[in-house]
Amino acid sequence: MAKNKAAPNRMESIVALCKRRGFIFQAADIYSGINGFFDYGPLGVEMRRNIKDAWWRDMVHRRDDMVGLDSSIITHPQVWQSSGHLDGFSDPMVDCKKSKNRYRADQLFFAKITVSGETLGYVSVMESETMEEDARKAADKLARKAGHAKADDFTLRDYTEADPSEYELIPSPATGEPGSLTPPRDFNLMFQTYIGALRDENAVAYLRPETAQGIFINFRNVTDSGRVKVPFGIAQIGKAFRNEINPRNFIFRSREFEQMEIEYFISPDEDVWPKIHRDWIETRLNWFESIGLPREKLGEDEHPKEKLAHYAKACTDITFEFPFGVQELEGIAARGNFDLTQHQEGSGRPMDYFDEARKERYVPHVIEPSVGVDRIFLALITAAYEEEELEGDKRTVLKLHPRIAPIKVAVLPLVKNKEPLVEKAQSLYRRLQRRWNVFYDASGAIGRRYRRMDEIGTPFCVTVDFDSLEDGTVTLRDRDSMEQKRISEEDLLVYLEEQIDP
RNA sequence: GCGGGUGUAGUUCAGUGGUAGAACACCAGCCUUCCAAGCUGGUUACGUCGGUUCGAUUCCGUCCACCCGCACCA
């Protein structure tokens with residue numbers, strides 16, 4: 001993972017641009033901010049919508065085998081019990097302040113060592129096959145130091161069972177010295193909340209850490225109410241929340257983010273999933289390319305078998321070369337029928353599907369393409385950002401795809417103190433505004449206005465000048481090439497439609 | 001969460017134990033017949049709380065946030 005030396009500066013410039021032009025703000029920055037949360041400004045919200053709309057249109061509307069869903073954010077706790085998130089997301093951790101090592105508290109074992117009832121101290125070992133012997137050796141060593149042959153028998157307990165008074169006395173496995181271990185701290189990655197006005201412990205619920213489970217728990221609702229037939233997919237766009245231990249890299253890893261997930265249900269035959277898995281990888285790569293991510297910055301990272309969850313058949317990440325390194329953009333997992341089976345057991349409701357063609361029942365398997373809106377946003381904006389040198393002049397430009405750009409067209413009267421120009425420009429502006437998010441700007445020199453639009457990624461500028469009053473043509477200026485051509489209003493509309501709504 | 005660094009207009013930077021200036025940006029007006037640079041005027045800042053002090057943006061501490069490493073990332 002080669003790191004670009006200029007990367008930090010590039011990231012800083014992009015973050016500054018996002019703030020300056022109203023794409024992304026630090027959340028609650030008037031109160032000095034809140035770590036891991038972001039607010040999207042007037043341009044950011046447009047771009048976000050464009051990403052989601054493009055995804056929904058291409059993955060749902062333009063396919064025959066997909067339907068949508070919007071499930072609730074606050075979710076029944078049993079959903080997370082069944083899915084495994086409740087257990088998997090809440091490991092208490094212990095830090096050694098001296099060695100800077102971090103341990104899972106339930107994997108760190110300790111014992112109080114005594115000889116004839118007299119306390120000598122504590123020993124600690126990491127969970128392993130030989131931990132009993134290791135602890136015995138350490139205990140006897142402690143005993144010999146104190147002039148005894150052998151320590152009393154002892155029982156190992158894990159660190160979560162330690163009494164708070166013992167934290168100071170248990171040695172760190174790294175240093176062998178006590179006093180450097182912190183109390184076990186819960187790293188519960190799910191946001192907890194309470195349903196109802198009273199804080200009743202029985203009313204605990206969770207903000208979803210992923211949208212996918214909302215799809216699984218509605219599987220029967222969708223198959224019972226729609227006319228879907230395997231293979232088919234359910235798509236969902238929505239916010240998800242994770243208590244990331246350390247959010248980093250701007251919006252790349254944040255605590256509140258938005259996912260676009262698909263659960264694509266397929267037959268359980270073993271020869272089926274590899275091809276469909278592969279198809280989805282290709283579909284998604286092509287989609288990324290279609291919205292303006294350069295192919296050479298996209299990559300595939302296939303998880304090795306031994307790193308997969310026990311139920312998973314395969315998982316391939318689509319990666320992207322961010323300024324801070326190559327990172328995961330989308331995960332495409334073949335999850336077998338683990339989730340439906342879990343919910344079938346957890347809820348007691350059948351999750352099987354009757355395949356009319358095959359005249360048999362089965363619990364479908366699933367391919368899960370899962371991507372973050374915010375990560376796509378960051379990928380797009382970092383890929384689009386350019387600082388160009390133009391004959392001693394500098395131009396900052398966001399080369400965003402017209403489909404993604406927050407403002408599609410700027411309408412500019414060449415000068416603003418000539419009434420007929422302003423009138424004509426405004427009427428064109430009103431006309432385009434019915435269709436797209438467009439912008440009218442009359443202030444300042446024309447070149448300055450072009451550059452302002454470059455910086456926020458507006459792909460087209462249309463300038464109304466004195467010839468426009470004579471023959472009805474306008475100047476169309478292209479953001480990337482900076483070239484201009486004259487075009488009639490009617491041709492302009494056709495051209496813009498082709499470019500903006502492919 | 002640990003270690004290091006940082007925190008002054010929107011941005012990039014000055015500066016001082018006696019409460020601050022610039023450039024660019026932005027807004028208004030004038031000018032302007034196609035690529036940021038004209039004229040006039042204007043808005044905007046010492047992250048937070050506390051301590052020391054007659055007085056703190058400045059010194060000290062706390063918290064918050066950001067950046068860089070490490071760890072973490074089901």
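Letters go in sequence order (proteins before strands), and every chain restarts at 1.
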Undergrad: Determine whether the aromatic ring centres of residues A/F322 and A/F252 are separated by less than 6.0 angstrom.
TA: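 Close enough - the centres of the two rings lie under 6.0 Å apart.
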Undergrad: Give the C-alpha distance, both sets of side-chain angles, the deciding distance and a yes or no for salt bridge (charged side-chain N to carboxylate O under 4.0 Å, His left out) between A/R477 and A/E483.
TA: CA-CA 6 Å; A/R477 183 260 194 185; A/E483 277 167 10; over 6 Å; no
Undergrad: Are A/Q484 and A/T475 linked by a side-chain donor-acceptor pair shorter than 3.5 Å?
TA: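 Note: A/Q484 and A/T475 side chains miss the donor-acceptor criterion.
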Undergrad: Which pairs with one or both residues in residues 339-349 of chain A pass salt bridge (charged side-chain N to carboxylate O under 4.0 Å, His left out), sequence neighbours excluded?
TA: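 Non-adjacent pairs meeting salt bridge (charged side-chain N to carboxylate O under 4.0 Å, His left out): A/R335-A/D339.
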Undergrad: Quick one: on RNA chain B, does A/E244 or A/R248 contact a more 5' nucleotide (nearest heavy atom)?
TA: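 It is A/R248 whose nearest nucleotide is closer to the 5' end.
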Undergrad: Tell me whether the count of non-hydrogen atoms from other residues, nucleotides or ligands lying under 6.0 Å of OH in A/Y194 goes above 12.
TA: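 For A/Y194, atom OH is crowded (more than 12 foreign heavy atoms under 6.0 Å).
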Undergrad: Among residues at least two apart in sequence or on other chains, which ones pass side-chain contact (heavy atoms from CB on, under 4.5 Å) with A/I262?
TA: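 Here the qualifying residues are A/W55, A/M59, A/M66, A/A235, A/Y264, A/W280, A/P369.
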Undergrad: Take atom OH of A/Y450 and atom C1' of B/C35, then tell me their distance rounded to the nearest Å.
TA: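 Spelled out: OH on A/Y450 to C1' on B/C35 is 7 Å.
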Undergrad: So, using side-chain contact (heavy atoms from CB on, under 4.5 Å) as the criterion, who are the partners of A/E388 when residues are at least two apart?
TA: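 Applying side-chain contact (heavy atoms from CB on, under 4.5 Å) to A/E388 gives A/E386, A/L390, A/R395, A/V397, A/K399.
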Undergrad: Write down the distance separating the C1' atoms in B/U57 and B/C46, rounded off to the nearest Å.
TA: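 Per the computed distance, 4 Å lies between those C1' atoms.
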Undergrad: What interatomic distance, in whole Å, is found between P of B/A36 and the corresponding atom of B/A25?
TA: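 These two P atoms come out 12 Å apart once rounded.
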Undergrad: Judged by modelled atom types alone, do A/T396 and A/E387 share a side-chain donor-acceptor pair under 3.5 Å?
TA: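 Absent: no donor and acceptor within the cut-off.
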Undergrad: For B/U19 and B/C13, measure between their P atoms and round to the nearest Å.
TA: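 After rounding to an integer number of Å, I get 26 Å for this pair.
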Undergrad: If we count only N and O atoms by modelled type, under 3.5 Å, do the side chains of A/Y450 and A/T463 hold a donor and an acceptor together?
TA: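 Indeed, the side chains of A/Y450 and A/T463 share at least one donor-acceptor pair under 3.5 Å.
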Undergrad: Given B/A65, is OP1 or OP2 found less than 4.0 Å from the side-chain N or O atoms of A/Q26?
TA: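 Checking A/Q26 against B/A65: no side-chain N or O falls below 4.0 Å of OP1 or OP2.
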Undergrad: Dot-bracket for RNA chain B, 5' to 3', with Watson-Crick and G-U pairs under 3.5 Å, [ ] for crossing pairs and | for other-strand pairs: what is it?
TA: (((((((..((((....[..)))).(((((.......)))))....(.(((..]....))).))))))))....
Undergrad: Give me the distance, rounded to whole Å, that separates B/C2 from B/A45 when you measure between the P atoms they each carry.
TA: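 Comparing P positions in B/C2 and B/A45 gives a spacing of 34 Å.
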Undergrad: In whole angstroms, how far is the P atom of B/C67 from the CD1 atom of A/I14?
TA: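 It works out to 13 Å between those atoms.
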Undergrad: Can you measure A/L476 atom CG to B/C34 atom C1' for me and round it to whole angstrom units?
TA: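 It is 13 Å, rounded to the nearest whole Å.
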Undergrad: Report the residues that fulfil side-chain contact (heavy atoms from CB on, under 4.5 Å) with A/P42, sequence neighbours left out, ordered by chain and then residue number.
TA: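 Scan of A/P42 (side-chain contact (heavy atoms from CB on, under 4.5 Å), adjacent residues dropped) gives A/F25.
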Undergrad: Taking side chain as C-beta onward, heavy atoms only, is A/M47 less than 4.5 Å from A/L380?
TA: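 Yes - at least one pair of side-chain heavy atoms lies under 4.5 Å apart.
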Undergrad: How many angstroms lie between atom NZ of A/K305 and atom CD of A/E302, to the nearest 0.5 angstrom?
TA: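 Nearest 0.5 Å value for the NZ-CD distance: 6.5 Å.
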Undergrad: For A/G36 and for A/T396, find the nucleotide of RNA chain B with the closest heavy atom, then tell me which residue's nucleotide is more 5'.
TA: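 Checking each residue's closest nucleotide, the 5'-ward one belongs to A/T396.
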Undergrad: If you measure from the P atom in B/G29 to the same atom in B/A23, how many Å do you get, rounded?
TA: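 Taking atom P in both B/G29 and B/A23, they lie 23 Å apart.
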Undergrad: In whole angstroms, how far is the C1' atom of B/C72 from the CG atom of A/N243?
TA: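 Going from CG in A/N243 over to C1' in B/C72 covers 13 Å.
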Undergrad: How many Å lie between CG on A/D29 and C1' on B/A65, as a whole number?
TA: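 Roughly 10 Å, once rounded to whole Å.
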Undergrad: Listing request: all salt bridge (charged side-chain N to carboxylate O under 4.0 Å, His left out) pairs with a residue in residues 406-429 of chain A, at least two apart in sequence or in separate chains.
TA: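 For residues 406-429 of chain A: A/K424-A/E489.
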Undergrad: Any pair with a residue in residues 17-45 of chain A that passes salt bridge (charged side-chain N to carboxylate O under 4.0 Å, His left out), sequence neighbours left out, goes on the list, sorted by first then second residue, please.
TA: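 Listed by first then second residue: A/R20-A/E455, A/R21-A/E455.
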Undergrad: Between the side chains of A/T319 and A/D317, does any donor sit under 3.5 Å from an acceptor?
TA: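 No, A/D317 and A/T319 have no side-chain donor paired with an acceptor closer than 3.5 Å.
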Undergrad: Rounding to a whole Å, what distance do you find between A/I30:CD1 and B/A45:C1'?
TA: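 These atoms are roughly 15 Å apart.
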Undergrad: Is there side-chain contact between A/P209 and A/L189, with heavy atoms separated by less than 4.5 Å?
TA: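 Answer no - side chains too far apart.
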Undergrad: If you restrict it to nitrogen or oxygen atoms, what contacts under 3.5 Å exist between nucleotides 19-28 of chain B and the protein, and what is each distance?
TA:
residue	atom	partner	partner atom	Å
B/A25	OP1	A/R448	NH1	3.4
B/C26	OP1	A/R452	NH1	3.0
B/C26	OP2	A/R448	NH1	3.3

Undergrad: Rounded to whole Å, please give me the gap between CD in A/E12 and P in B/U6.
TA: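 Atom-to-atom, A/E12 to B/U6, this comes out as 15 Å.
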Undergrad: Going by the side-chain hydrogen bond (donor to acceptor under 3.5 Å, both in side chains) test, which pairs reach into residues 72-83 of chain A, not counting sequence neighbours?
TA: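 Listed by first then second residue: A/S83-A/H85.
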Undergrad: From CD1 of A/I24 over to P of B/C66, roughly how many Å is that when rounded to an integer?
TA: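 Rounded to the whole Å, the gap is 14 Å.
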Undergrad: Quick check on contacts: within residues 477-487 of chain A, what sits under 4.0 Å from RNA chain B by heavy-atom distance?
TA: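 Heavy-atom cutoff 4.0 Å gives A/R477, A/M482, A/Q484.
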Undergrad: Expressed in whole Å, how much space separates the P atoms belonging to B/G4 and B/G61?
TA: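 Their P atoms lie roughly 12 Å apart.
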Undergrad: Is the shortest side-chain N/O distance from A/K394 to OP1 or OP2 of B/A36 below 4.0 Å?
TA: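 For A/K394, the contact criterion (side-chain N or O under 4.0 Å from OP1 or OP2 of B/A36) is not met.
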Undergrad: Mind checking the C1' distance from B/U44 to B/U52? Whole angstroms is fine.
TA: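 Roughly 32 Å separates the two C1' atoms.
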Undergrad: Rounded to the nearest 0.5 Å, how far does CZ of A/R375 lie from CE of A/M260?
TA: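 CZ of A/R375 is found 12.5 Å from CE of A/M260.
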Undergrad: Hey, can you pull the residues of residues 411-425 of chain A with a non-hydrogen atom under 4.0 angstrom from RNA chain B?
TA: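 Those residues are A/L414, A/V415, A/K416, A/N417.
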Undergrad: Under 3.5 Å, which protein N or O atoms sit close to an N or O of nucleotides 61-64 of chain B? Give each pair with its distance.
TA:
residue	atom	partner	partner atom	Å
B/C64	O2'	A/S32	OG	2.3

Undergrad: For the P atoms, the ones on B/C63 and on B/G5, what distance do you get once it is rounded to whole angstrom?
TA: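 The same atom, P, in both gives a distance of 16 Å.
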